[in-house]
Amino acid sequence: MLVLESIGSNVTAKGMESNTLTIDRRMKSAGLVILIALLSAALAIAGYRYFDNRESISLFGEENRALLSDINPSASVSSAGNPDFVRAAAMVTPAVVHINTQYDRAVVSGNPFYGNQAVPAHGSGSGVLISPDGYVVTNNHVIENASAIEVVLPDKRTFSAKLIGRDPDTDLALVKVKGSDLPVVPLGNSDSVQVGEWVLAVGYPFSLNSTVTAGIISAKGRSIGILNRQSQDYYADPSQPGFNTAIESFIQTDAAINRGNSGGALVNTDGKLIGINAAIASQTGSYAGYGFAIPVNLMRKIVNDFRKYGEVRRGYLGVSFPAPAAEDDLLRQLGVDPASVKGVYVTGIQSGSGAAAAGLKEGDIIQKIDGVSVTSSSELSERIARYNPGDKVQLTFLRDGRTRSANVVLKGEEEARRASGAERSEDSFQARLGATFAPVPDRMKQQYRLRSGVYVTAVQRNGFFFKAGIPEGTIITSINGIPVNNTSDMEKAIAATRNNMVRIVGITPDGAGFVFSIPLGA
């Protein structure tokens, strides 16, 4: 055993040396295998990334990179950046006020114990504080004819308000309360708002406490005819288009707006005022997804005039254009493709106006005002309404396929009325008919083989033509058997009415002829 052990010991020593060498060789082999494996893995990963990168390059080449840049969110950031409703609401609500109104006209109530009593009428709406010393903007229709105006802040402070000025043509009004260090809503820039941008509507719907709703900008430059119906009460020169002073270029939103929101704030997510809520489109009288606000940039001019003059002093261009509802039909009847009109098609020029003096003509297409593009008549009206009488504006327009420009000095309202022969009178011919008119162009007469005709450019709600069912775009060829070519002819023909019945012959907007008799007092 000892030998064996000794031998074994010796053998063991020699075997250990030999095993050590074997293990060392094996470790080196294993390390080499591991190294090779690691290198293979690295090469595989590198190869994958290489081919993946090549595939990425093929998928997103230069032409596709341009496409990606078009849809990059940074390319369509709203004027207010990322939305933060909580912050914006907290900034705005302290300065959006509740307006309560009282009227002298009475509502008679039959009381069996005390007899008939005169109960004062009341109304309410919303308003926006725009200065620390108490100037509040609201809608004209909120305070019109009110004998007393009360302003209530969200913190329950109550003030009696004084009317500074009101403007039915824009549905804006300015009132003043006695106060200092009052909260205000900072003014934004309505020109920079974008369709799809988040906004908040703040006001007092249904006389509730301050309410905030959210939505987006659905459209800009909307004309819905709500103010035009109130502004067609003067007579224009027979050979000239109607003198219409209403200005509608609303911001449309789907933020919930209801009765009582009128005069409240439409703000962006920076908490800046971009519009004064004014109207809703609804068949029920309640929110139906369409709300309309007056742009703050127009409001600035109106408010500044109120504070400086106590009234609005705006410049007038002196051109007429089709009513939005009948624009496409009229252009087609004139032989003009509506899709080709990249601007505002001029259907008439008022004699003695700034536009007439600058050489503008019927058929011109106004495309820019002081370098700013206008694509609709509502945009043109709103842009011009920001200027004062005597201001000079540069118009860029298209005539006979060529781009031209002209500098126009705007007239004041009274000057424009005198130049056009307009007379403001509730008993005027135009007011009695409840419509505005323009001569039928020769091209349209040829199309329908007419020898006479007057085109109905706008119809006032509840007026004579409205009740008779005569829509915008109608051509009236004769009244009481007398051919008519202008409002002077119409006035003479109606003056010859017997038994209070008026017989009207014409063509409807879809080209169908009509003849009917209606009482003048209808």
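Bear in mind the structure is a predicted one, so any value in this text is a computation, not a measurement.
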Undergrad: Run through Val319, Leu317, Ile384 and flag the one making a side chain to side chain contact (heavy atoms under 4.5 Å, CB included) with Val408.
TA: Leu317

Undergrad: Donor-acceptor check, side chain of Asp305 to backbone of Lys308, threshold 3.5 angstrom: yes or no?
TA: no

Undergrad: Please step through side-chain hydrogen bond (donor to acceptor under 3.5 Å, both in side chains) for the pair Thr457 and Thr436, ending with a clear verdict.
TA: CA-CA 6 Å; Thr457 59; Thr436 55; 2.6 Å; yes

Undergrad: Mark yes or no for whether Glu382, through its side chain, and Glu248, through its backbone, hold a donor-acceptor pair below 3.5 Å.
TA: no

Undergrad: In sequence, state the C-alpha distance, the side-chain angles, and the governing distance for Ile475 and Val454, and then conclude on side chain to side chain contact (heavy atoms under 4.5 Å, CB included).
TA: CA-CA 6 Å; Ile475 299 174; Val454 174; over 6 Å; no

Undergrad: Please check if the side chain of Asp364 supplies one atom and the backbone of Leu360 the other of a donor-acceptor pair under 3.5 Å.
TA: no

Undergrad: Given side chains that start at C-beta, do those of Val372 and Asp191 come closer than 4.5 Å, heavy atoms only?
TA: no

Undergrad: Looking at side-chain heavy atoms only, is the closest gap between Thr158 and Glu150 below 4.5 Å?
TA: yes

Undergrad: What heavy-atom pair brings Asn100 and Ser124 nearest, and what distance separates the two atoms?
TA: OD1-CB, 3.7 Å

Undergrad: Rounded to the nearest 0.5 Å, what separation is found between the OG1 atom of Thr211 and the CG atom of Leu200?
TA: 12.5 Å

Undergrad: Determine the minimum heavy-atom distance between Ile365 and Val341, stating which atoms define it.
TA: CG2-CG1, 3.9 Å

Undergrad: For Arg383, is there an ion pair with Asp370 - N to carboxylate O distance below 4.0 angstrom?
TA: no

Undergrad: So, Ser126 side chain and Gly203 main chain: donor-acceptor pair closer than 3.5 Å or not?
TA: no

Undergrad: Report the relative orientation of the aromatic rings in Trp198 and Phe85; use parallel for angles under 30°, tilted for 30 to 60°, perpendicular for over 60°.
TA: perpendicular

Undergrad: Would you indicate whether the side-chain heavy atoms of Val193 and Asn268 approach each other to under 4.5 Å?
TA: no

Undergrad: For Asn407, does the CG atom sit with more than 12 other heavy atoms under 6.0 Å from it, leaving out its own atoms?
TA: yes

Undergrad: Closer than 4.0 angstrom, basic N to acidic O: yes or no for Arg166 and Glu144?
TA: yes

Undergrad: Is it the case that the side chain of Asp171 and the backbone of Asn139 share a donor-acceptor pair, with hydrogens and angles ignored and the cut-off at 3.5 Å?
TA: no

Undergrad: Has Tyr204 got a side-chain atom pairing as donor or acceptor with Val96's backbone, closer than 3.5 angstrom?
TA: yes

Undergrad: Answer yes or no: is there an ion pair linking Lys272 with Asp270, defined by an N-O contact shorter than 4.0 Å?
TA: no

Undergrad: Going by atom types alone, do Asn277 and Asn261 pair a side-chain donor with an acceptor below 3.5 Å?
TA: no

Undergrad: Both conditions, 6.0 Å and 45 degrees, for the charged tip of Arg307 above the ring of Tyr135: are they met here?
TA: yes

Undergrad: Answer yes or no: is there a donor N or O on one side and an acceptor on the other, between the side chain of Thr375 and the main chain of Ser373, under 3.5 Å?
TA: no

Undergrad: For a side chain to side chain contact (heavy atoms under 4.5 Å, CB included) check, start with the C-alpha distance between Ser262 and His141, then their side-chain angles and the critical distance, and finish with the verdict.
TA: CA-CA 8 Å; Ser262 292; His141 75 261; 3.0 Å; yes

Undergrad: Please check this pair: side chain of Ser381 against backbone of Ser378, looking for a donor-acceptor N/O pair closer than 3.5 Å.
TA: no

Undergrad: How far apart are the C-alpha atoms of Asp167 and Asn140, what are their side-chain angles, what is the distance that settles it, and do they pass the side-chain hydrogen bond (donor to acceptor under 3.5 Å, both in side chains) test?
TA: CA-CA 6 Å; Asp167 180 33; Asn140 172 68; over 6 Å; no

Undergrad: Between Asp391 and Lys411, is there a salt bridge with N-O shorter than 4.0 Å?
TA: no

Undergrad: Does Val212 reach the side chain of Thr93, with side-chain heavy atoms less than 4.5 Å apart?
TA: yes

Undergrad: To check you understand the geometry: which heavy-atom pair defines the closest contact between Gly188 and Val296, and what is its length?
TA: O-CG1, 3.5 Å

Undergrad: Does either side chain, that of His122 or that of Thr101, offer a donor lying less than 3.5 Å from an acceptor on the other one?
TA: no

Undergrad: Between Leu172 and Lys301, is a side chain to side chain contact (heavy atoms under 4.5 Å, CB included) present by the stated rule, with each step listed?
TA: CA-CA 11 Å; Leu172 286 171; Lys301 189 269 192 288; over 6 Å; no

Undergrad: Looking only at atom types and distance, does a side-chain atom of Ser147 sit under 3.5 Å from a main-chain N or O of Gln102, one as donor and one as acceptor?
TA: yes

Undergrad: What's the verdict on side chain to side chain contact (heavy atoms under 4.5 Å, CB included) for Tyr387 and Ile369, showing C-alpha distance, side-chain angles and the deciding distance?
TA: CA-CA 11 Å; Tyr387 292 90; Ile369 299 174; 4.2 Å; yes

Undergrad: Does any N or O in the side chain of Lys368 come within less than 3.5 Å of the main-chain N or O of Gln394, such that one atom is a donor and the other an acceptor?
TA: no

Undergrad: Do Thr253 and Ser218 pair up side chain to side chain, a donor and an acceptor below 3.5 Å, judged on atom types alone?
TA: no

Undergrad: Measure the shortest side-chain to side-chain distance between Asn297 and Ser190 over non-hydrogen atoms and say whether it is less than 4.5 angstrom.
TA: yes

Undergrad: Side chains of Glu311 and Phe306: does their closest heavy-atom pair fall under 4.5 Å?
TA: no

Undergrad: Under a 4.5 Å cut-off applied to non-hydrogen side-chain atoms, are Asp133 and Ser180 in contact?
TA: no

